[in-house]
Structure formats: structure tokens, C-alpha cells
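In what follows, chains carry the letters A, B, and so on, assigned in the order in which the sequence lines appear, proteins first and then strands, with residues in each chain numbered from 1.
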Amino acid sequence: MEMEPEAVSTLGHTPLPQEFYLRADVLQVARELLGKVLITDLEGGRTAGLITEVEAYRAPDDRACHAYGNRRTRRTEVMFQAGGRAYIYLCYGIHHLFNVVTGPEGMAHAVLIRAVEPMEGLGIMLERRGMRDLSPALTTGPGALAQALGLHTSQTGYSLLGPGAQIRVEDTGRRPAGADIAAGARIGMTSAGECAAWEWRFWLRGSPYVKSGGRR
DNA sequence: CGAATGATCGGCT
DNA sequence: GCCGATCATTCGA
């Protein structure tokens, strides 16, 4: 199959400013990331997707957060940096999970991007995923989306700021209405105690690009 | 140094 | 639904 030239788009010019990420309310930042566009200019070319599902993680009180209790290790150190960087780690030895670091320096907050709706670089995403046809599975689920966008643990710490950032998030100018945002418990909270019930997972209601059907 | 753990996915039943 | 893949990170000895 021959690749069509990418449609002319407004993408690639205006990443979200650092002020967006610096806010102390990670739940608000998480909700506002819905409907934004995650763009990567990495090996293989540009890929981009509309963010449809996220989860918030917040030290020190959130047991599910890697930096629970403000625990600093080499891995979690990036979460304590000022908002606007990538935190990417390996899960189950296989999946590279992409998070956006938020909050001011010293506050270890992050938003896990769980799913996007493909916007640019469809052919590249299919190739990276080893898939032939477009389906929600291409970019639904944190491991799947990271693979489709070429994200890798080696990019942890990358700045998302400035027009030259290889990984960045941009505004579409449109914001989903509050009624279009659903909330529920985060996925995979096996031993997070009370935190497991916190409804810190947010998604665009009705989007086919949401894991677990998007209940509620 | 060894061992357990996990914010998952895809294939199989 | 269940299960196996597969490895960086962390912690305890």
C-alpha cells in the first residue's frame, strides 16, 4: 500500500506552555489533557493522537504512585522535577508506559496517558504495532499507545516544552464539555488499599478509543 | 547478589 | 476469562 501524504494540519507548532503542567491539582490537569493531542517526532516520523483516556498519580498520599510517601529513587526522581517532562517506565517487562510529569518542582505528580485516537502517521503506527488494519487496538491501552507513538523508557526525562520537543502535547482549541468527561477507578490497582477506589481515571465518554469499554 | 513485583497485552479457550 | 511473556527496579541479605 502506498502512503498518502499527510493531511495539512495545524499540528507541530504550539506545545502546551509549562504553566499548564505546573499546576498543583493533578486531577484537573489530567481532565484537561483529554482532547489534547500527543505528538511524537521520533525515529520513523511524526505520529499524533487525540488523548482519550488518562489516569492521575499523586505522591505522597497515593499508594499506587511510584513515588508514594515521596520516595525518591533513580526511577522516580523525574517525577519530582517541575511539570512538563516525560516519565516513561517499563511495565511487566514488556510495555513502555508514558506519563506526563505535572506540578511544581518537588511535587511528584504524573498523568498516565492510557489511550489516544490516531490523528497523524497512521502507517507508521501500524508498522510499529505490527498491525495491518486500523482498529481501536492500535492505540487503546497504555502499552499499545506508547508502542504506536514510538515511546520508550530511554526517553524518560525528555522535556515536552518548546517547538523543538520530540515529544509534546498541543491544544486543538476545542475543549470537551464537562458532561463528556467520565470518571472511574483506575485500572490494575491490586494492592493500593483505599487508593484503589479513588476515581482518578478519566476518559472521553463514548469514545471507542478507551480501554475496558469506558464504564459509567 | 538473588528474588519478588508489576499503572499490560494478545492469544487461546 | 485465564495465562504466559519478559525485565527494570527495588529491597533485603
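- Both geometric conditions, a ring-centre gap below 5.5 Å and a plane tilt below 30°, are fulfilled for A/Tyr57 over the base of B/dA7.
- Here the C1' atom of nucleotide C/dA8 and the CG atom of A/Leu97 are 13 Å apart, to the nearest Å.
- The side-chain tip of A/Arg23 does not point at the ring of A/Tyr21 from less than 6.0 angstrom away and within 45° of straight on.
- Side-chain contact between A/Lys36 and A/Val100 is absent, with no heavy-atom pair separated by less than 4.5 Å.
- Separating the CE atom of A/Met189 from the P atom of B/dT5 is a distance of 17 Å, rounded to the nearest angstrom.
- A/Leu151 has its CG atom 16 Å from the C1' atom of B/dA7, to the nearest Å.
- Between the CG atom of A/Leu138 and the P atom of B/dC9 there is a distance of 13 Å, given to the nearest Å.
- Atom-to-atom, OH of A/Tyr89 to P of C/dC7 comes out at 17 Å; the value is rounded to the nearest Å.
- Across C/dA8 and B/dG10, the matching C1' atoms stand 22 Å from one another, rounded to whole Å.
- Heavy-atom distances to DNA chain C give each of A/Thr153 and A/Ile94 a nearest nucleotide, and the one nearer the 5′ end belongs to A/Ile94.
- At the phosphate of B/dT8, OP1 or OP2 sits under 4.0 Å from a side-chain N or O atom of A/Arg114.
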Hey, what are the protein-to-nucleotides 11-13 of chain C N/O distances that come in under 3.5 Å?
from	atom 1	to	atom 2	distance (Å)
C/dC11	OP1	A/Arg71	NH1	2.5

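- Taking side-chain N and O atoms only, A/Arg75 has a distance below 4.0 Å to OP1 or OP2 of C/dT10.
- Rounded to whole angstrom, the span from the CD1 atom of A/Ile187 across to the C1' atom of B/dA7 amounts to 9 Å.
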Walk me through it: do A/Tyr209 and A/Val116 pass the test side chain to side chain contact (heavy atoms under 4.5 Å, CB included)?
CA-CA 6 Å; A/Tyr209 292 90; A/Val116 303; over 6 Å; no

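- In this entry C/dT6 has no Watson-Crick or G-U wobble partner, no candidate having both defining distances under 3.5 Å.
- Nucleotides C/dT6 and B/dC12 have their P atoms positioned 15 Å apart, rounded to a whole Å.
- Figure legend. B/dA7 is base-paired to no nucleotide; pairs are counted as Watson-Crick or G-U wobble with both atom distances under 3.5 Å.
- Residues A/Arg114 and A/Trp203 form no side-chain contact, since every pair of their non-hydrogen atoms from C-beta on lies 4.5 Å or further apart.
- Rounded to a whole Å, the CZ atom of A/Arg58 is 18 Å from the P atom of B/dA7.
- When each of B/dC9, B/dA7, C/dC7 is scored by its nearest atom to the side-chain atoms of A/Leu90, the top-ranked nucleotide is C/dC7.
- Residue A/Ala137 is classed as having no contact, given no heavy-atom separation below 4.0 Å to the nucleic acid.
- With respect to A/Asp41 and A/Arg46, a salt bridge is recorded, a charged nitrogen being found less than 4.0 Å from a carboxylate O.
- With a 4.5 Å cut-off on side-chain heavy atoms, A/Thr153 and A/Arg75 do not count as touching.
- At least one side-chain nitrogen or oxygen of A/Lys211 sits closer than 4.0 Å to the OP1 or OP2 atom of B/dC9.
- Between A/Tyr87 and A/Tyr89, the ring-plane angle classifies as parallel under the 30° and 60° cut-offs.
- With no hydrogens or angles considered, a side-chain donor-acceptor pair links A/Gln147 and A/Arg129 at under 3.5 Å.
- Here A/Arg129 lies in heavy-atom contact (under 4.0 Å) with sugar-phosphate atoms only.
- Closest to the side chain of A/His66, out of C/dT9, B/dA7, B/dT8, is B/dA7.
- Note: CD (A/Gln147) to P (B/dC9) measures 10 Å, nearest angstrom.
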